[in-house]
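Computed from a predicted structure; not experimentally measured. Convention: sequence-line order gives letters A, B, ...; per-chain numbering from 1.
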2 protein chains.
Amino acid sequence: MALGKDYATQECSIASALEVIGERWTLLVIRDAFYGVRRYNDFLVHLGIPRAVLASRLQALTAQGILEKRRYQQSPPRDEYVLTDRGIALWPTLRALGVWGREQLTHRKLRIFRHADCGTELGPFSECPACGTVVAVPDVEIVPGPDLNRDPADPVSRALLKPKRLLQPVEADAA
Amino acid sequence: MALGKDYATQECSIASALEVIGERWTLLVIRDAFYGVRRYNDFLVHLGIPRAVLASRLQALTAQGILEKRRYQQSPPRDEYVLTDRGIALWPTLRALGVWGREQLTHRKLRIFRHADCGTELGPFSECPACGTVVAVPDVEIVPGPDLNRDPADPVSRALLKPKRLLQPVEADAA
DNA sequence: GACTGTAGGTTCGTTCATTGAACCTATCGG
DNA sequence: CCGATAGGTTCAATGAACGAACCTACAGTC
């Protein structure tokens, strides 16, 4: 990988992790996968990422066992990319990053994460204050926060305005 | 910043965070700062980072309020870089990354984090299982794990073999 | 007072990655 | 047959990272 040459000598699991997910765009691709984005074109319009870079990242993440490439229709052949268990294990990292970004940088509540079972807003570690447990990723509900723009340009962002659970596929109609 | 042009349009606190700490080397510099590295030369030998890149990252992190540049001796003028509160708030992110890297990639226990007050090894969110609380960063003790090389080449790595608390300065003698 | 060493940089040419536009392939609907 | 759609690849131009060399200011030592 791109970062490997130097990071590899560092005896450190953080460095190893960054070798795999530390490249530009990579974590945003994974974030979108949590939000339910699965198709090449949906990643493309939602992220505004160059096509070549997206193809390269999807391939690398698949090779690392973070995403799985899955044929969802035979003809014409179409593939989708979904998170593996290894990918889903990144949720605490993404959550921590998001909390830091909100508290230290944006100070805006763009999205709210709730426990789907009871509707309680989750704490910084994705724990449910009401139930007292860490909520499993498929039981996390994501809803737009008060500071999120309600009229986004691209269809994927529009589809993401509907409350849904993490990992559940978005339905981005042409609209 | 380098990443800003594209990430800025993303209404997302994760994207905002990555704008600030998502560049190559940046998170490793911050990790070292948690481990007690404070001086330009110590970062240099410990990370193996090009000098120009280090200077640029230190400057950017200082400008973002994540590190603070502090004169620790007047003549000759010498500065050190220490984490601000905003920087310290990144600990959960770094911890989550490290846990993921260890569990999913390296499968090796390179460093152990303990509650300095009671010696209990910390859980994935830096919480103390014995005390039932999230441990404040200055109360986290870092000790070498069983899989860490005991005879590293550079003096900073050697100094880091001694158990110490996070944020406490390393003493890297020439040795 | 001339050397040597150290901390903290800057400069510069080369290499590598990212970008954005254009192009390619296969298939479906009409 | 024509156009649209999904999922790519190719290519030239740009920007960032790399590593070596250089610079500055001071301290200690002979």
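- With rounding to whole Å, B/L54 atom CG is found 18 Å from D/dA16 atom P.
- If you take CH2 of B/W25 and C1' of D/dA16, they are 14 Å apart, rounded to a whole angstrom.
- The side chain of A/P76 sits closest to C/dT27 out of C/dT27, D/dC26, C/dG9.
- B/L44 has its CG atom 9 Å from the C1' atom of C/dG8, to the nearest Å.
- A donor-acceptor pair under 3.5 Å is formed between the side chain of A/E11 and the backbone N or O of B/N149.
- B/Y81 has no side-chain polar atom (N or O) that falls below the 4.0 Å cut-off from OP1 or OP2 of C/dA7.
- Residues that satisfy the side chain to side chain donor-acceptor pair (under 3.5 Å) test with A/E141, not counting sequence neighbours, are A/R114.
- Remark: A/R71 pairs with A/D79 by the salt bridge (Lys or Arg N to Asp or Glu O under 4.0 Å) rule, at least two apart or across chains.
- Close placement of the B/F113 and B/W91 rings is indicated, their centers lying within 6.0 Å of each other.
- At most 12 heavy atoms of other shown residues, nucleotides or ligands fall within 6.0 angstrom of atom CD in B/Q59.
- Atoms CD (A/E23) and P (D/dA17) sit 13 Å apart, rounded to a whole Å.
- Taking atom CG of B/L28 as the reference point, atom P of D/dA17 lies 13 Å away to the nearest angstrom.
- Within 6.0 Å of CG on B/D117 lie more than 12 heavy atoms contributed by other residues, nucleotides or ligands.
- At C/dG8, one or more side-chain N or O atoms of B/Y72 fall inside 4.0 Å of OP1 or OP2 (strictly under the cut-off).
- The phosphate of D/dA25 has neither OP1 nor OP2 within less than 4.0 Å of any side-chain N or O from B/S75.
- Listed nucleotides D/dA6, D/dA25, C/dA22 differ in distance to B/R78; the shortest reach to its side chain belongs to D/dA25.
- In this structure, the nucleotide among D/dT9, C/dG20, D/dA21 sitting nearest to the side chain of A/P50 is C/dG20.
- Looking at heavy-atom distances under 4.0 Å, B/V53 makes contact with sugar-phosphate atoms alone, never a base.
- Toward the 5' end of DNA chain C, the nearer of the two residues A/A52 and B/D79, judged by each one's closest nucleotide, is B/D79.
- Rounded to whole angstrom, the span from the CD atom of A/E80 across to the C1' atom of D/dA6 amounts to 13 Å.
- Here the P atom of nucleotide D/dG19 and the CD1 atom of B/I49 are 11 Å apart, to the nearest Å.
- Distance, A/R57 CZ to C/dT18 C1': 8 Å, rounded to whole Å.
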Practice task
Determine, step by step, whether A/T84 and A/L67 satisfy the side chain to side chain contact (heavy atoms under 4.5 Å, CB included) criterion, reporting the C-alpha distance in whole Å, the side-chain angles of both residues, the deciding distance to 0.1 Å, and the verdict.
Solution key: CA-CA 5 Å; A/T84 62; A/L67 294 179; 5.8 Å; no
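- For DNA chain D, none of the residues of residues 31-43 of chain B falls under the heavy-atom distance limit of 4.0 Å.
- Phosphate proximity of D/dA17 to B/R51: absent, as no side-chain N or O sits under 4.0 Å from OP1 or OP2.
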